[in-house]
Number of protein chains: 2
Amino acid sequence: MELQAREIGVLTTLIEDYIQTAAPVGSRTIAKKSNLNLSPASIRKIMADLAEKGYLEQPHTSAGRIPSAQGFRFYVDAILKYHPLPSDEQNLMAEHLDDARLDVPDLLRNASRFLSAFTQQVGMVLAPKANDIGFKHIDFILLKPGLVMAILVVEGGIVQNKIMPADPGLNSDDLIKFSNYLNQLFQGRVLAQVRARIVQEMDAVRRQYQAMARQALDLAQQAFAVDREREVFVEGTVNFFGHPEFSNPAKLRELLALLEERSRLLELLDQVSKSKGISIFFGREVEQDSVQEYTLISSPYQGQDTPLGVVGIIGPIRMNYAKVVPLVEFTAQVISRLLKNRF
Amino acid sequence: MELQAREIGVLTTLIEDYIQTAAPVGSRTIAKKSNLNLSPASIRKIMADLAEKGYLEQPHTSAGRIPSAQGFRFYVDAILKYHPLPSDEQNLMAEHLDDARLDVPDLLRNASRFLSAFTQQVGMVLAPKANDIGFKHIDFILLKPGLVMAILVVEGGIVQNKIMPADPGLNSDDLIKFSNYLNQLFQGRVLAQVRARIVQEMDAVRRQYQAMARQALDLAQQAFAVDREREVFVEGTVNFFGHPEFSNPAKLRELLALLEERSRLLELLDQVSKSKGISIFFGREVEQDSVQEYTLISSPYQGQDTPLGVVGIIGPIRMNYAKVVPLVEFTAQVISRLLKNRF
DNA sequence: TCCCGGCACTCGATCAGACAGAGTGCTTAC
DNA sequence: GTAAGCACTCTGTCTGATCGAGTGCCGGGA
C-alpha cells in the first residue's frame with residue numbers, strides 16, 4: 001500500500017492546487033503544474049490508482065479528483081515540510097502579547113485573535129485547568145448578611161469568584177480572620193493540593209473544637225469546589241464566511257453550533273490536549289453523523305512543565321497547512337514562554 | 001395622511017400573514033383572512049393606497065405586497081396591543097434567574113440565554129456601567145516584585161481586576177495596609193464618587209507628606225481608571241439560521257460581524273439605552289449602507305432608580321412582535337427587581 | 001514494460017423556450 | 001362604493017439542446 005515517488009508527486013500537486021482553487025483538479029492541470037513531465041493520460045492512470053487506494057475522491061464521473069481525508073492526512077504527515085514562521089511575523093505576535101499588564105485571560109484572548117487574523121480561520125484557546133496552578137490569595141467579602149463572595153486569585157493573575165450562602169451571624173471582621181488563616185494555610189500550594197489540605201485540616205480542627213477554623217474551612221471548601229467550565233476563547237467566527245466550503249448554510253450552522261455549545265467544544269479540545277506536540281485532526285476521520293467538513297489544528301502549551309491548555313484553529317479541511325501549522329506551533333511556544341514568566 | 005379603519009384592517013392582516021409566511025401577500029389572501037368582507041378587487045385598491053402612502057412595498061409587478069419599515073413602525077406603535085406574558089413563562093424565567101449564588105455577570109448571561117431561547121432570536125444584555133455602582137472592597141496582590149494586581153469588588157458581586165506596574169520595593173504587608181486604608185476611605189460611595197475622592201485626597205496627603213497614603217492613592221487611581229469596555233452578553237447567534245431572511249450569506253455575515261465587533265454594538269446599544277421604556281429600532285430606518293434588515297428590541301433595566309444597562313434581542317424585521325416585546329419588557333423587569341435586591 | 005495520443009462516453013452547467021400560477025391594474029356594471 | 005371580468009406582467013419551474021471538462025480505455029510506439 002505504499003506510494004511510489006510519482007504517485008506522491010501527483011498527490012502533492014493535486015492537493016496544492018486544490019488548496020488554492022477549492023475545485024476538483026483534472027489530469028491536464030496536473031500534467032502542466034507538476035514537474036513530472038508526464039502526459040495527462042499517464043497522470044490519469046496514476047490518479048485512478050490513487051483513488052483506488054483511497055487518497056482521492058471523485059465527486060462524480062467526469063469531474064476532476066479531490067483529496068480525501070486520507071489524502072490530506074498523508075500530505076500533512078509525510079509530504080509537507082514545515083518551515084519556521086518568518087521572523088517578522090514572530091516579532092509582531094510576540095510584541096503584542098508580551099505585556100505584563102495583561103492578565104492571563106486577556107493574554108489568551110489576544111492570542112486567539114492573532115491566530116484568527118493571521119490564518120483567516122477561527123482561533124481558539126483553551127484556558128488552563130485550575131487544578132495545576134499555584135494558589136496565591138483568597139478573600140471573603142460580605143455581600144449581605146448570610147451571603148458571602150469568595151475571591152480566589154491564583155498565579156498569573158487569574159481571578160475566580162463564587163457567591164455562596166453562609167451563617168447569617170458572620171460579619172466582615174470574621175471574614176478577614178478567615179482569609180488570613182486560610183492564606184497562611186494554603187501558601188505555596190497548587191489548587192489540587194489545597195483541596196486535599198482542606199479535607200485534612202477539617203479533620204484536625206474538628207477534634208480540637210476550633211470554631212473559627214471550622215467555619216473558615218467550610219467556606220473554603222465551597223469556594224474551591226470545581227463547578228466552573230474551563231474557559232475557551234473563540235475569536236474570528238466571521239472568517240468562516242470567507243471559505244467557499246461554508247457557502248452551504250447548513251454546514252456553517254453545524255459548525256457555529258459546535259462553537260457555541262461550549263461543552264461539546266471542550267470535549268473535543270480535551271481529546272486533542274493529550275497529544276504531545278502539534279496535532280491535526282480531521283472531523284471526517286472520526287465522527288460519523290456530525291460536522292465532518294472541518295480540520296482542527298492544535299498544540300498544547302505549558303507553564304513550567306505540566307501542560308496547561310491548548311491553542312488552535314478550526315477551519316475547512318482545505319486550508320494552507322504549510323502556513324497555519326507553524327503559526328499554531330509558534331503561538332503555543334509564545335504562550336508557554338509568557339506563562340513561565342508569570343507562574 | 002391618516003389611515004382609515006379599513007386601511008388599518010388590511011395592513012394588520014397583511015403584516016400578520018407576512019410574519020407567519022415570510023412571503024409577499026396577495027389581495028386574495030387578505031380578502032379571505034380579514035373579517036372585512038371585501039372582495040379581492042377592493043382590497044387591491046386599498047393596498048394600492050397603502051403602497052402610495054409608504055406602508056407597503058412591492059418586490060416586483062405582480063407579486064404581492066410586503067410591509068415597509070414604515071408599515072411595521074405603524075403596526076408596532078399604533079395597532080399592536082401588547083398582552084402581559086403568560087404566567088407560566090413568567091415563573092419559568094423568574095425561577096431560573098432568581099438564584100442568590102449567581103453573580104451579576106452570570107445572572108445577565110443567563111437572562112440573555114433565556115431571551116434567545118424563548119424568542120428564537122439572538123439575545124443581548126448590556127452589563128451595568130460601573131460608574132453608578134456602589135464600591136464594596138478593594139484588594140492589592142503582589143504578583144511579583146514590581147507588579148501588582150488590584151481586585152475591585154462592587155455591589156452585586158461584580159469583580160474587576162487590573163494588573164499594573166508598581167514600585168519594586170513594595171511588599172505584601174504594604175499592600176495590605178494600602179487596602180485597609182482605601183477600603184475605609186471609599187466605603188459607601190459609588191465609583192464615580194470614589195474617583196473624585198481619590199483626586200481630592202491626593203491633594204491633601206501631598207501637603208501632609210504622608211508617603212503611605214500617597215502610594216496607596218497612586219495605585220488606586222490606576223485601578224479605578226476606566227479603560228475596560230462594558231461587557232455585552234450575546235447568546236444564540238445560531239438562531240439567525242432559522243430565519244429565511246438570513247439565507248443570504250452576505251446579510252448574515254454583516255450581522256454576525258456587527259455582533260462580533262463589540263465597539264459598534266456598544267454604540268448601538270448606548271443609543272437605545274437612553275430611551276425610557278421598551279424601544280423598537282429598525283435598522284432600515286437609520287443607517288444607510290450598513291446592515292439594514294434587522295430589528296433591535298430593547299428595554300433598559302435599573303437598580304434602585306438609575307438606569308444600569310439594557311436587555312434586548314436582535315432579529316429580522318419580520319418577527320412576532322406580539323410575543324417578543326412583552327418578553328423583553330418582562331426580562332428587564334425581572335433583572336431590575338433582582339438587582340435591587342443585590343445593590 | 002512503460003508512455004501517450006486518440007476517441008467515445010459521461011456528467012454538470014448553462015441557456016433558451018414553453019408554460020403554469022399568482023397577482024395586479026383597469027374597465028365596466030350594479 | 002363595490003365587485004366581476006379580463007388582459008397583462010412577472011416569477012419559478014420544467015424541458016431539451018448544447019458545450020466543455022474530464023475520464024477510461026484501446027492500441028501503437030519506444
Side-chain angles (χ1 to χ4, degrees), chain A residues 2-11 13-18 20-68 71 244-245 247-248, chain B residues 2-11 13-18 20-68 71 244-245 247-248:
Chain A
E2 276 184 19
L3 296 186
Q4 299 166 5
R6 289 199 319 179
E7 290 177 320
I8 294 180
V10 168
L11 185 58
T13 313
L14 191 146
I15 290 184
E16 280 166 6
D17 189 78
Y18 180 71
Q20 283 183 14
T21 63
V25 188
S27 52
R28 254 173 59 88
T29 317
I30 294 184
K32 269 187 291 178
K33 292 208 176 172
S34 81
N35 45 14
L36 294 169
N37 286 321
L38 291 177
S39 78
S42 309
I43 301 286
R44 283 205 284 279
K45 216 164 153 36
I46 301 169
M47 284 164 81
D49 291 345
L50 284 169
E52 206 178 325
K53 293 181 185 169
Y55 294 92
L56 298 181
E57 282 169 6
Q58 201 169 15
H60 55 86
T61 342
S62 110
R65 301 300 210 293
I66 60 174
S68 66
E245 25 274 283
S247 57
N248 176 347
Chain B
E2 276 184 21
L3 296 186
Q4 300 166 8
R6 290 197 320 178
E7 291 178 319
I8 294 181
V10 169
L11 185 59
T13 312
L14 189 145
I15 290 184
E16 279 166 5
D17 189 78
Y18 180 70
Q20 282 182 15
T21 63
V25 187
S27 52
R28 254 174 59 90
T29 315
I30 295 184
K32 267 187 291 178
K33 291 207 176 172
S34 79
N35 45 12
L36 295 169
N37 285 323
L38 291 176
S39 79
S42 308
I43 301 286
R44 282 207 283 277
K45 217 165 150 38
I46 300 170
M47 282 164 81
D49 292 345
L50 284 169
E52 204 179 326
K53 292 181 186 170
Y55 293 93
L56 298 181
E57 281 170 5
Q58 202 170 14
H60 56 84
T61 341
S62 109
R65 301 298 211 295
I66 61 174
S68 66
E245 24 274 283
S247 57
N248 176 346

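Letters go in sequence order (proteins before strands), and every chain restarts at 1.
Looking at residues two or more places apart in sequence or on another chain, you find no side-chain hydrogen bond (donor to acceptor under 3.5 Å, both in side chains) involving A:S62. Here B:Q20 pairs with nothing under the side-chain hydrogen bond (donor to acceptor under 3.5 Å, both in side chains) rule; sequence neighbours left out. Residues that satisfy the side-chain contact (heavy atoms from CB on, under 4.5 Å) test with A:T21, not counting sequence neighbours, are A:D17, A:A23. With sequence neighbours excluded, no residue satisfies salt bridge (charged side-chain N to carboxylate O under 4.0 Å, His left out) with A:K45. Contacts of B:A48 classified as side-chain contact (heavy atoms from CB on, under 4.5 Å), with partners at least two apart in sequence or in another chain: B:R65.
The NZ-P distance, from A:K45 to D:dG24, rounds to 10 Å in whole Å.
A salt bridge links B:K53 with B:E7: the distance from a Lys NZ or Arg NE/NH1/NH2 to an Asp or Glu carboxylate oxygen falls below 4.0 Å.
Within the nucleic acid shown, A:A41 comes within 4.0 Å of at least one base atom, counting heavy atoms only.
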Short heteroatom pairs, N/O only, protein and nucleotides 7-10 of chain C, under 3.5 Å:
from, atom 1, to, atom 2, distance (Å)
C:dT10, O2, A:S62, OG, 3.0

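Here the side chain of A:H60 is nearest to one of C:dC3, C:dG12, C:dT24, namely C:dG12.
Within the 4.0 Å cut-off from OP1 or OP2 of C:dG23, not a single side-chain nitrogen or oxygen of B:S27 is found. Considering only side-chain N and O atoms, B:R65 lies under 4.0 angstrom from the phosphate OP1 or OP2 of C:dG25.
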